[in-house]
Amino acid sequence: MDYKALVQKYDTPLYVYNFDIVAQNFMQIKNAFKARKSLIAYAVKANSNMSLLKHLANLGSGADCVSIGEVKRALLAGIPPYKIIFSGVGKRDDEIAEALEKDILFINVESEAELGRIEDIAKSMGKVARISIRVNPNIDPKTHPYISTGLSENKFGVEIDVAKKLYLQAKNSPYLQPVGIHFHIGSQLTELEPIKEASEKVADLVRALQKIDIDIKFFDVGGGLGIRYQDEKTIEPYDYAQAILSTLSGTNMTIVCEPGRFIVGNAGVFLTKVLYEKRTKSKRFIIVDGAMNDLLRPSLYNAYHEVVVVGKENERGSKADVVGPVCESGDFLAKERELPPTEHGDIVLVKSAGAYGFVMSSNYNTRPRPAEVALEGGKDRLIRERETFEYIIEKEIRFMV
Ligand code: LLP
């Protein structure tokens, strides 16, 4: 890829996504589950760019959404309502009402209180809400604590006994129709055993529910499939699917899978330009024009993203921190990396930045968010323009007195 040409055309900081790789990743998961009916509901939160969603819609993807905003994005991008799921621990009344109105596939319920709200809202609208209960299987996914969700100390889902009670409650309500069951134990999963264990526990619950005439049609296994950022050993989609499918004997459910990172993570890069180099007694800093407001993962999770200086990949170097212009010591993209000497204008490529990159960006320090570009069939095109100063202050300026 000619990153220099892209930077000349679109400037930096810049996100670039390869839509052909997105398609390959999507098909890999779709094919892994082909032994059963399946719905791959892309987790919109990972990267919600409209052109990316349209690309996924064309591939047949559904959408896993965590706000009504994401639901509306998915619909606008052409994902049909019957492929859309609405998850999240804190849905507002208006969000629930709008989801019911849009007639999406189902709402993932995360607490007893939420089930009650959904019932009341459906009743007031004269509707029947299709729901799925998110079960917390209390399993350690062995990932970063901030992105681990399947332990009882986490805020997500309900315990198995509670789930059973909620299913009975839903079955007995004329305004609720239990159609699915859901679990998601964490993100960036690199071990198969916790997934299999969780799937087994939840499948056991499905079989118990069958006995009391509650017929679950959708087995929603969440997302979480990890990717390689550094040298992690990752799980093959085929093995992941097999681990889940092996727990489902005696059932005839459609698999719903909500991958986010796996679809877009390694399909995207972040490009930033070198401004200066600076040395202190103990450190070498490469100061670039991209910062924590553009790509937060290193600062927030101490996440590792591989970085290279474009055109100098094979040059020898010394240890350096790659840091941004934001006024925080926590503003860094990479630490203690072996990097060649750089000059003003050199391009630093940050890899695996397609997931949880742009979506977690902010205007901190009044920095306009980066532009986004898609590559498809060897061609590049702008899919989000760089923000401007005027755009950032637009919501404030007219209130100045
Ligand atoms: N389904 C549910 C219910 C989720 O909570 C998530 C992610 C996904 C699916 C998609 O997970 P994935 O396949 O992308 O691992 N910002 C963090 C990741 C947060 C993940 C939150 N939930 C990061 O940058 O690593």
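Nothing fancy with the numbering, it's 1 onward along the sequence. Whatever order the structure lists ligands and atoms in, that order sets their numbers, starting from 1. Fair warning: this is a prediction, and the values are worked out from it, not measured in the lab.
To the nearest 0.5 angstrom, I185 atom CD1 is 6.0 Å from I139 atom CD1. Rounding to the nearest 0.5 Å places OH of Y356 at 8.5 Å from OH of Y301.
Short contacts between ligand 1 and G223, defined as distances under 4.0 Å to a heavy atom of the residue, involve ligand atoms 1 (N), 9 (C), 13 (O). Within ligand 1, counting atoms from 1 as listed, the ones closer than 4.0 Å to a heavy atom of P259 are 13 (O). Near G260, meaning under 4.0 Å from any of its heavy atoms, are these atoms of ligand 1: 12 (P), 13 (O), 14 (O). Residue R134 has at least one heavy-atom neighbour below 4.0 Å for each of these atoms of ligand 1: 3 (C). For ligand 1, the atoms lying closer than 4.0 Å to a non-hydrogen atom of R261 are 12 (P), 13 (O), 14 (O), 18 (C), 23 (C), 25 (O). Residue G224 has at least one heavy-atom neighbour below 4.0 Å for each of these atoms of ligand 1: 11 (O), 12 (P), 13 (O), 15 (O).
In this structure, A46 has no heavy atom closer than 4.0 Å to ligand 1. The closest approach between any non-hydrogen atom of S87 and ligand 1 is not below 4.0 Å.
Both tests do not hold together for K351 against Y229: distance to the six-membered ring centre under 6.0 Å, angle to the ring axis within 45°.
In summary, the side chains of E277 and T342 do present a donor paired with an acceptor at a separation below 3.5 Å, with no hydrogens or angles considered. For the residue pair R207/T251, the side-chain donor-acceptor check at 3.5 Å is not satisfied.
Around CZ of R92, the count of heavy atoms belonging to other residues, nucleotides or ligands within 6.0 Å does not exceed 12. Atom NZ of K164 sits in a sparse spot, with 12 or fewer heavy atoms from other residues, nucleotides or ligands closer than 6.0 Å. In K233, the NZ atom is crowded: over 12 heavy atoms of neighbouring residues, nucleotides or ligands sit closer than 6.0 Å.
Below 30°, between 30° and 60°, or above 60°: for Y15 and F358 the angle between ring planes is above 60°, a perpendicular geometry.
Residue contacts with ligand 1, taken as heavy atom pairs separated by less than 4.0 Å, involve Y301 solely via side-chain atoms from C-beta onward. Residue contacts with ligand 1, taken as heavy atom pairs separated by less than 4.0 Å, involve H184 solely via side-chain atoms from C-beta onward. Contact annotation: for D64 versus ligand 1, heavy atoms closer than 4.0 Å belong to the side chain alone.
Not a single N or O atom of G186, backbone or side chain, sits closer than 3.5 Å to an N or O atom of ligand 1.
Heavy-atom proximity to atom 3 (C) of ligand 1, evaluated over E258, M360, E110, R297, is greatest for E258.
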